[in-house]
> 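Take this structure, written in structure tokens, and hold onto it; I'll ask about it next.
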Amino acid sequence: MGPRLLALEGPEYDREVLDRVVAHLRTDGLVAMPTETVYGFGCMAGALPVGRLQKLKGRGEDKPFLLLISGASAVPDLQWSPQARELASVFWPGALTLILSDPGACYPPGVRSEQGGVAVRVSPHPLVRALLGPLGCPLVSTSANDSGSLPAQRAEDALQMALRLGADETMWVLDGGFLEASEPSTIVDCTGPNAVLVRSGAIPFNRLKCVLPEIDENA
């Protein structure tokens with residue numbers, strides 16, 4: 001058996017289908033879902049599902065995945081610098097990814113980097129938020145494509161990519177409709193004494209600098 005496709009277009013989501021997806025995630029299943037940028041592959045932040053996602057994407061622990069969260073309170077064990085809180089208060093929900101220190105090693109390799117950082121973002125996409133509520137914990141996320149391929153803007157694109165990568169029945173593709181082309185999220189490292197831009201993206205550096213004048217542009 002291969003991946004299955006489920007229709008989940010808003011603004012009102014079928015509660016029964018959402019409950020099935022949440023149960024699937026809680027039993028270490030994988031999903032493909034729309035975010036505010038592109039379709040992404042996701043799972044819960046356990047060693048088994050993260051390992052499945054690493055195998056699917058062909059990713060090692062040197063390229064960790066990010067976490068989609070409902071808000072700062074969802075990851076209290078991560079180290080929130082004043083700069084990280086300031087950026088989050090202005091740009092979340094939105095296409096800003098913050099890298100925070102995980103001093104207690106609360107997250108597994110593949111999510112936690114070798115340097116001890118974990119990347120987090122609050123997505124404004126209603127389907128992500130509808131899943132995070134009942135799930136009650138972060139979702140691991142990575143773009144639903146392989147290196148060199150175009151981002152997936154439709155569920156069908158994500159499904160075809162999942163098949164190409166060898167996904168099996170543990171992958172559920174959630175059809176949340178077509179996503180307009182957009183830039184990837186901007187990434188800022190907040191693990192050190194000063195925030196540093198890691199990747200330019202949907203939120204330009206000059207907007208970050210308006211909020212945080214001391215931010216460094218060079219990683």
> With rounding to the nearest 0.5 angstrom, report the CG to OG distance, Leu53 to Ser141.
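One finds 8.5 Å between CG of Leu53 and OG of Ser141.
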> Contact between Leu163 and Gln160 at the side-chain level, heavy atoms closer than 4.5 Å - yes or no?
yes
> Check the hydrophobic clustering (I, L, V, M, F, W, Y; side-chain heavy atoms under 4.5 Å; chains of links allowed) and say if Leu25 and Leu127 are grouped together.
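Per the 4.5 Å side-chain linkage, Leu25 and Leu127 are co-clustered.
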> Measure the spacing between OG1 of Thr191 and CD of Gln115 and express it to the nearest 0.5 Å.
8.5 Å
> Can you name the side-chain contact (heavy atoms from CB on, under 4.5 Å) partners of Val211, sequence neighbours left out?
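Here the qualifying residues are Glu86, Leu87, Val90, Phe91.
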> Side chains of Pro93 and Glu36, heavy atoms from C-beta outward: is any pair under 4.5 Å?
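No. Closest side-chain heavy atoms not under 4.5 Å.
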> Show the nearest heavy-atom pair for residues Thr97 and Ser185, with the distance to one decimal.
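Minimum heavy-atom separation between Thr97 and Ser185: OG1-OG, 2.9 Å.
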> State the CG-CG distance between Leu159 and Leu5, to the nearest 0.5 angstrom.
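With rounding to 0.5 Å, CG (Leu159) is 6.0 Å from CG (Leu5).
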> Quick one: pull up CG in Asn194 and CD1 in Ile215 and give me the separation to the nearest 0.5 Å.
7.5 Å
> Answer whether the closest heavy-atom distance between the side chains of Pro134 and Arg15 falls below 4.5 Å.
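Yes; the side chains approach each other to less than 4.5 Å.
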> Hey, what else clusters with Leu150 if you join Ile, Leu, Val, Met, Phe, Trp, Tyr whenever side-chain heavy atoms sit under 4.5 Å?
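Under the 4.5 Å side-chain rule, Leu150 groups with nothing.
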> Does a side-chain heavy-atom distance below 4.5 Å link Pro184 with Thr37?
no
> Please name all residues satisfying salt bridge (Lys or Arg N to Asp or Glu O under 4.0 Å) with Asp28, sequence neighbours left out, ordered by chain then number.
none
> Mind checking what makes side-chain contact (heavy atoms from CB on, under 4.5 Å) contact with Glu12, not counting sequence neighbours?
none
> Find the distance between CG (Leu100) and CD (Gln79) and round it off to the nearest 0.5 Å.
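Reported value, rounded in 0.5 Å steps: 9.0 Å.
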> Does atom CZ of Arg164 have more than 12 heavy-atom neighbours, drawn from other residues, nucleotides or ligands, at distances under 6.0 Å?
no
> Do the non-hydrogen side-chain atoms of Val75 and Val118 ever get within less than 4.5 Å of each other?
no
> With heavy-atom distances below 4.5 Å as the criterion, would you say the side chains of Leu56 and Met171 are in contact?
yes
> Quick test of your reading: applying ring pair (Phe, Tyr, Trp, His ring centres under 6.0 Å), list the pairs with at least one residue in residues 23-63, sequence neighbours left out, ordered by first then second residue.
His24-Trp172
> Tell me whether Leu98 shares a hydrophobic cluster with Leu66, the cluster being built from Ile, Leu, Val, Met, Phe, Trp, Tyr side chains joined at under 4.5 Å.
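Different clusters.
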> Among the clusters formed by ILVMFWY side chains lying less than 4.5 Å apart, do Met44 and Leu67 turn up in the same one?
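Met44 does not cluster with Leu67.
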> Using only heavy-atom distances, determine whether the side chains of Ser123 and Thr35 contain a donor-acceptor pair under 3.5 Å.
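The answer is no; no qualifying pair exists.
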> Flag yes if Val38 and Phe178 sit in one hydrophobic cluster, no otherwise; membership is Ile, Leu, Val, Met, Phe, Trp, Tyr, and two members link when side-chain heavy atoms are under 4.5 Å apart.
no
> Counting only heavy atoms not in Lys209, do more than 12 sit closer than 6.0 Å to its NZ atom?
yes
> Which residue pairs pass the side-chain hydrogen bond (donor to acceptor under 3.5 Å, both in side chains) test when at least one of the two sits in residues 60-73, sequence neighbours left out?
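Listed by first then second residue: nothing to list.
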> Could you check if a side-chain atom of Pro64 sits within less than 4.5 angstrom of a side-chain atom of Glu114, using non-hydrogen atoms only?
no
> Kindly compute the distance separating CG (Asp19) from CG (Leu131), expressed to the nearest 0.5 Å.
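If we round to the nearest 0.5 Å, Asp19:CG and Leu131:CG are 10.0 Å apart.
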> Would you call Leu139 and Met33 a side-chain contact if the rule is heavy atoms closer than 4.5 Å?
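Yes, side chains in contact.
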